[in-house]
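What follows is a set of notes on a single structure, which appears directly below.
Just so it is clear: chains get the letters A, B, ... in the order the sequence lines come, proteins before strands, and each one is counted from 1.
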Protein chains: 2
Amino acid sequence: MQNIRKISDSTIRRLSLYYRALSNSEKDGYFTVSSQDLAKKERLTPAQVRKDLSFFGSFGTRGLGYPVKELKEKIGSILGLNRSWNVALIGVGNLGSALASYKEFQKQGFHIKLLFDNDPKKIGSSIDGIPILDIKQIGTQLKQNKIDLVIMTLPGHTAQGVAEEVVRAGVKAILNFAPVSLKVPEDVFLRNENMAIELEYLSFCLKNRNNPGKHA
Amino acid sequence: MQNIRKISDSTIRRLSLYYRALSNSEKDGYFTVSSQDLAKKERLTPAQVRKDLSFFGSFGTRGLGYPVKELKEKIGSILGLNRSWNVALIGVGNLGSALASYKEFQKQGFHIKLLFDNDPKKIGSSIDGIPILDIKQIGTQLKQNKIDLVIMTLPGHTAQGVAEEVVRAGVKAILNFAPVSLKVPEDVFLRNENMAIELEYLSFCLKNRNNPGKHA
DNA sequence: TATATATTGTGAAAAATATCACATATGCAA
DNA sequence: TTGCATATGTGATATTTTTCACAATATATA
Ligand SMILES: NC(=O)c1ccc[n+]([C@@H]2O[C@H](COP(=O)([O-])OP(=O)(O)OC[C@H]3O[C@@H](n4cnc5c(N)ncnc54)[C@H](O)[C@@H]3O)[C@@H](O)[C@H]2O)c1
Ligand SMILES: NC(=O)c1ccc[n+]([C@@H]2O[C@H](COP(=O)([O-])OP(=O)(O)OC[C@H]3O[C@@H](n4cnc5c(N)ncnc54)[C@H](O)[C@@H]3O)[C@@H](O)[C@H]2O)c1
């Protein structure tokens, strides 16, 4: 149990994995899991699991393990999944449409309330009941609807400009899918989803599969 | 310059960022960049940039910086982007379709050659000229087309079974978007793209924004 | 109640990763 | 040529993260 400031990035990311694993264990009818079980499910070590959890408290029973339902709820509450967040998505193209109609995020409390685009053919229509609004209205709409978090699925060259409007509207969290590094003020939380990184990582692995020696 | 085995995960991931930054610098007409410039663009430190690059050689000129075009090509070749990879995508739903029609990966050498689905309505059609094949043919088709890498955008509960067929067909690299932890043999490279992690991370940050103290 | 077994929680140790700091090399101007 | 300004490349150092190892505590069973 320690100061929340000091909890590492990696630990928080692993909490998401534990949350997912626990949701599955719950569905499968388990009442308790050991750190061993959790580790196996998410390809980690039992010590890692116990250490991560210990930063937030002690939730287990020695000799027995962790109560699935309780631990899931506890982690959910640490991550803020026990409440609801108002989300807007900007750029209703191929990727944006896929995300807008994806229902799993909603189940975790991320409610996509608004969609924005600058394409007249899209503005005015909706996806699964979520209206597509004109990007020009973004400032007022984000404020009016008390949007907490914005997902950006825009072309790279437009992303910085739009991000600045989003920041001006007071939004403090952005999930960016455009392949650019956005500049935002310090008090705005920004995460990037960069699919190229994973692909390129795999490329690197394949390339060096049979070449454990020095690099040319 | 050192044994390639020892190069860390994080360094490889940052190479992707440098590659992207250099591509942009090239487009913007720059001939050289300093570690300072690169660091700023990708929100890192100059020392980090120099250290990362030094694992692979010395590409810069003291007093001047790094030659943009050359360094980009060098990193591209380290990551294996100077060649072409045969890719197949399985599960042509909302997300799969978006990825299939995304042209940027192709530019980096990832050529999506085949799509697979089990929906009779989809099988036989195509996306941007890429045919959608019956999942039943996956074994023979992956081999025949010498597929190097598979992108999986399937429902979670079907992913493990399909992954096993993919592995049986000899594919050594999988990029998985399904929210499950796949079990694959040691010699198969697996990466997961887990969008929930980033969303939940932002949720955590928002939740603790005004609460730098102890966690309850 | 005693004993065997299981598994947590956590300081301490080890390993991995990032930063520092500076010697070294280059370009450029006078 | 010399001197100044600039920026790399890299050992040494600091920090962060992971793993280890075991005391503590629970259950089960006889
Ligand atoms: N499609 C993918 O699979 C994929 C994969 C990885 C990354 N990305 C990135 O995600 C982003 C979106 O990709 P996509 O394939 O969906 O592109 P897309 O072209 O299909 O969609 C972009 C959407 O943004 C809208 N738009 C453009 N400028 C705008 C503005 N100023 N304000 C509001 N809306 C605007 C367009 O009208 C369009 O609907 C891109 O940055 C892309 O690089 C996409
Ligand atoms: N849509 C998103 O924005 C999003 C975001 C994050 C993660 N994901 C994950 O990506 C995966 C795909 O999501 P989606 O929204 O595209 O789902 P989807 O239902 O639109 O698409 C799934 C596709 O897979 C096909 N399929 C099902 N079983 C199959 C099998 N055995 N063999 C071959 N094809 C099969 C279906 O016919 C369908 O075309 C899911 O695991 C989802 O959780 C999606």
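Distance from the side chain of B:Arg50 is smallest to C:dA21 among C:dA21, D:dT18, C:dT19. In the set C:dT19, C:dT17, D:dG9, C:dT17 carries the atom at the smallest distance from any side-chain atom of B:Ser8. Side chain of A:Tyr66, nearest nucleotide from C:dG9, C:dT10, C:dT19: C:dG9. Closest to the side chain of A:Ser34, out of C:dT7, D:dT18, C:dT10, is C:dT7. For B:Ser58, taking side-chain heavy atoms from C-beta onward, the closest of the listed nucleotides D:dG9, C:dA18, D:dG11 is D:dG9.
Atom C1' of nucleotide D:dT17 and atom CD of A:Gln48 are separated by 8 Å, given to the nearest angstrom. A straight line from CZ of B:Arg14 to P of C:dT17 spans 9 Å, rounded to a whole angstrom. The NZ atom of A:Lys51 sits 10 Å away from the P atom of C:dA12 (whole-angstrom rounding). One interatomic measurement links the two molecules: CG of B:Leu15 to P of C:dT17, which rounds to 14 Å at whole-angstrom precision. Rounded to a whole Å, the CZ atom of B:Phe59 is 8 Å from the P atom of D:dG9. For the pair A:Phe31 CZ and D:dT27 C1', the interatomic distance rounds to 18 Å; values are reported in whole Å. As a whole-Å value, the separation of B:Asp52 CG from C:dT19 P is 10 Å. Taking atom CG of B:Asp37 as the reference point, atom C1' of D:dT8 lies 13 Å away to the nearest angstrom.
The residue among A:Asp9 and A:Thr61 whose nearest nucleotide of DNA chain D is located toward the 5' end is A:Asp9. Mapped onto DNA chain C by nearest heavy atom, A:Leu64 and A:Ala47 fall at different nucleotides, with A:Leu64 at the one closer to the 5' end.
Here A:Lys172 pairs with A:Asp187 in a salt bridge; the nearest charged N to carboxylate O distance falls below 4.0 Å.
Residue A:Arg62 places no side-chain atom within donor-acceptor reach of the base of C:dT7, judged by atom type and a 3.5 Å distance cut-off alone.
Not one side-chain nitrogen or oxygen of A:Ser35 sits closer than 4.0 Å to the OP1 or OP2 atom of C:dT7.
Judged by distance alone, the side chains of B:Asp128 and B:Ser101 never bring a donor and an acceptor atom under 3.5 Å apart. A donor-acceptor pair shorter than 3.5 Å cannot be found between the side chains of A:Asn145 and A:Lys113.
Atoms CD1 and CD, on A:Ile151 and A:Glu193 in that order, are 10.0 Å from each other to the nearest 0.5 Å. Between the OG atom in B:Ser16 and the CD atom in A:Glu200 there is a gap of 3.5 Å [rounded to 0.5 Å].
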